[in-house]
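Reckoned from all heavy atoms, side chains included, excluding hydrogens, waters and symmetry mates. Residues: numbered from 1 along the sequence shown. Just so it is clear, the model here is predicted, and its values are computed rather than measured.
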Amino acid sequence: MTDVLAESTDSNAKPYSVSELAFALKRTLEDAYGFVRLRAELSKVTHHGNGHVYLTLKDERAAIDGVVWKGSVKNLSVRPEQGLEVIVTGKITTYPAGSRYQIVIETMEAAGVGALLAQLERLKARLQAEGLFEASRKRPLPAMPLVVGVITSPTGAVIRDILHRIRDRWPCRVIVWPVVVQGDAAAAQVGNAIQRFNALAPDGPVPRPDVLIVARGGGSVEDLWAFNDEGLARVVAAGTIPLISAVGHETDTTLIDFVSDRRAPTPTAAAEVATPVLAELRAAIGDLTSRLHRQGGRIVEDRRQRVANAERALDRVPDLVEMAAQRFNLAASRLAAALNRNIALHDNQLIRTASRLTPGLLQRPQQVRAERLAGVSSRLSAGLTRNIAVHRTELGRLTSRLVPALLQRPQEQQAQALARTTVRLQPALARGLERMTERLAYQAKLLAPLDPKAPPRRGFAKVIRADGSLALDGASLRSGEGVSLVFADTTREATIDGTPTAAPEPLAPAPARPVRAPKAPTTPSAQGDLF
């Protein structure tokens, strides 16, 4: 740079281009400030889509632009955020296209405890808003685990305390996954151990733990900062095995304490939370067994006492049988009288029903049907005559409208239709008369059983007086009068003897059901039979 200025004082010196001057300044700054350690506050932090981070470092009097290339972002100890006070290391360079200088950041760490806690509070608020701290998503711990997984440093008092405490309390298998618990690599190793434990198959060669313990001894905020990592917190939240966090002393709190399923104040307390006490379980089982035996004895004694009380309350067996036999005899003595009353009741009902049945009542429906049949028969011939007249009139009307020119074409078809109609007319009339004859014969069959002159059916007899009249009721017959009993197969003579006994007082007759005359068959119209 000194050479450039010296040459610029000579009016005969070769002029530089803007690019040559800009890159000369860039080389000079990079040579003079190739390593710079800077303490400042972050501002205007921008995470670009290509992975680079652009920001501004400032204090109360000045500001300088900074950039973190994509390859260096993963090596940062803290995530760049607005307002965070940090200590960065890098080199000063220029941006020739804009005539600006900037620092290329290679490492970044928090400037103090206050900045770390502020960053932790912001991260905690974001995770809480996502629901990772909700009690509803925390899994219950197994009551009696068979396998316990421990993630901690293999060298130190923590692992010995946990193993000793578990051995004294509960016989189970303990699988230790060794990790570093301090430094930049601690969060990645602990998260990898949790993921590998959750990936184990239940029936694999390495048994899958029923519960996990992440443990570390006490230390400063910087020592425990690895357990405040966002990625580790999300790994803990995504696991399927219940996890106990035991990081630091009782007053120390880290981010995974809020995400884990249970927090223990110390690693030793974590071993106590994860496992029950075998001796206490045995004592509890013994106490329950003794209580079960005592309760069973009391139940048996109570049942025995109840059976004895029931036995004293029961009557003797002969007494029970005698009472049942007495009730049976009483019911049997009432059965005959009840049957006689039932027979008498049905006799009365039969007499009332028979008194309402007279030949005239049965003949009226037949007369109505005969009258309807006669009326239908008288209307049938008239209907056929009218139908023939109507068709003749229609035929004449159509014939009058026909002209020779029209008759020449359809006369053959009309003649055929007329012939078919004539052929169908006579069978239709014959079928109609045949159906009416069959219906008349059917009605005559219905009237035949009601003929008083017909011989009686089997099981019935007609009582004929000496003058040849039919006795319709028993009250009209006199003592000593001679009658003839006409059966289906023979006739016997008999004499009325004795005084007629008074008939029992009839019950109030049931309302007579009106006898509906059978509906006369509908006579099809002549036109329907014909066509």
Side-chain angles (χ1 to χ4, degrees), residues 353-462 464 468 470 472 486-489 510-531:
T353 304
S355 64
R356 294 196 301 268
L357 295 177
T358 61
L361 183 64
L362 297 177
Q363 290 174 359
R364 279 198 300 273
Q366 306 303 326
Q367 294 175 358
V368 172
R369 291 182 181 180
E371 293 173 357
R372 289 182 180 178
L373 182 59
V376 170
S377 300
S378 63
R379 291 197 303 271
L380 179 61
S381 58
L384 292 176
T385 303
R386 285 195 302 272
N387 191 18
I388 293 173
V390 169
H391 282 81
R392 287 177 179 176
T393 303
E394 182 68 17
L395 182 60
R397 186 173 58 82
L398 293 176
T399 304
S400 65
R401 290 188 301 174
L402 294 177
V403 296
L406 296 176
L407 291 176
Q408 291 177 359
R409 291 193 298 270
Q411 64 182 0
E412 183 178 354
Q413 297 179 355
Q414 293 178 355
Q416 293 177 357
L418 181 60
R420 288 195 300 269
T421 303
T422 304
V423 170
R424 293 165 53 190
L425 179 61
Q426 295 300 329
L429 291 174
R431 284 195 301 272
L433 293 175
E434 183 180 355
R435 282 196 294 270
M436 298 304 297
T437 303
E438 291 177 355
R439 291 173 183 170
L440 183 60
Y442 175 73
Q443 296 295 334
K445 289 181 181 180
L446 294 178
L447 291 174
L450 302 177
D451 186 4
K453 297 181 180 180
R457 290 179 296 173
R458 183 178 297 275
F460 293 86
K462 293 188 295 183
I464 306 299
L470 180 65
L472 299 180
V486 180
F487 294 91
D489 55 348
R513 178 179 300 177
V515 179
R516 179 179 299 176
K519 185 177 181 181
T522 304
T523 303
S525 64
Q527 185 176 359
D529 288 340
L530 290 176
F531 300 101

To the nearest 0.5 Å, what is the distance between CG (Leu433) and CG (Leu440)?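 Going from CG on Leu433 over to CG on Leu440, the span is 12.0 Å.
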
Output all residues satisfying side chain to side chain contact (heavy atoms under 4.5 Å, CB included) with [X], sequence neighbours left out; order by chain, then residue number.
| X | value |
| --- | --- |
| Arg392 | Ile388 |
| Glu438 | Glu434 |
| Tyr442 | Leu446 |
| Ile464 | Lys462, Leu470, Ser484, Val486 |

Between Leu395, Thr393, Asn387, which is the residue that forms a side chain to side chain contact (heavy atoms under 4.5 Å, CB included) with His391?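 That would be Asn387; it is the only one of Leu395, Thr393, Asn387 passing the side chain to side chain contact (heavy atoms under 4.5 Å, CB included) with His391.
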
Taking side-chain hydrogen bond (donor to acceptor under 3.5 Å, both in side chains) as the test, write out the residues that go with Glu394, two or more places apart.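 Per chain and number, Glu394 pairs via side-chain hydrogen bond (donor to acceptor under 3.5 Å, both in side chains) with Arg397.
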
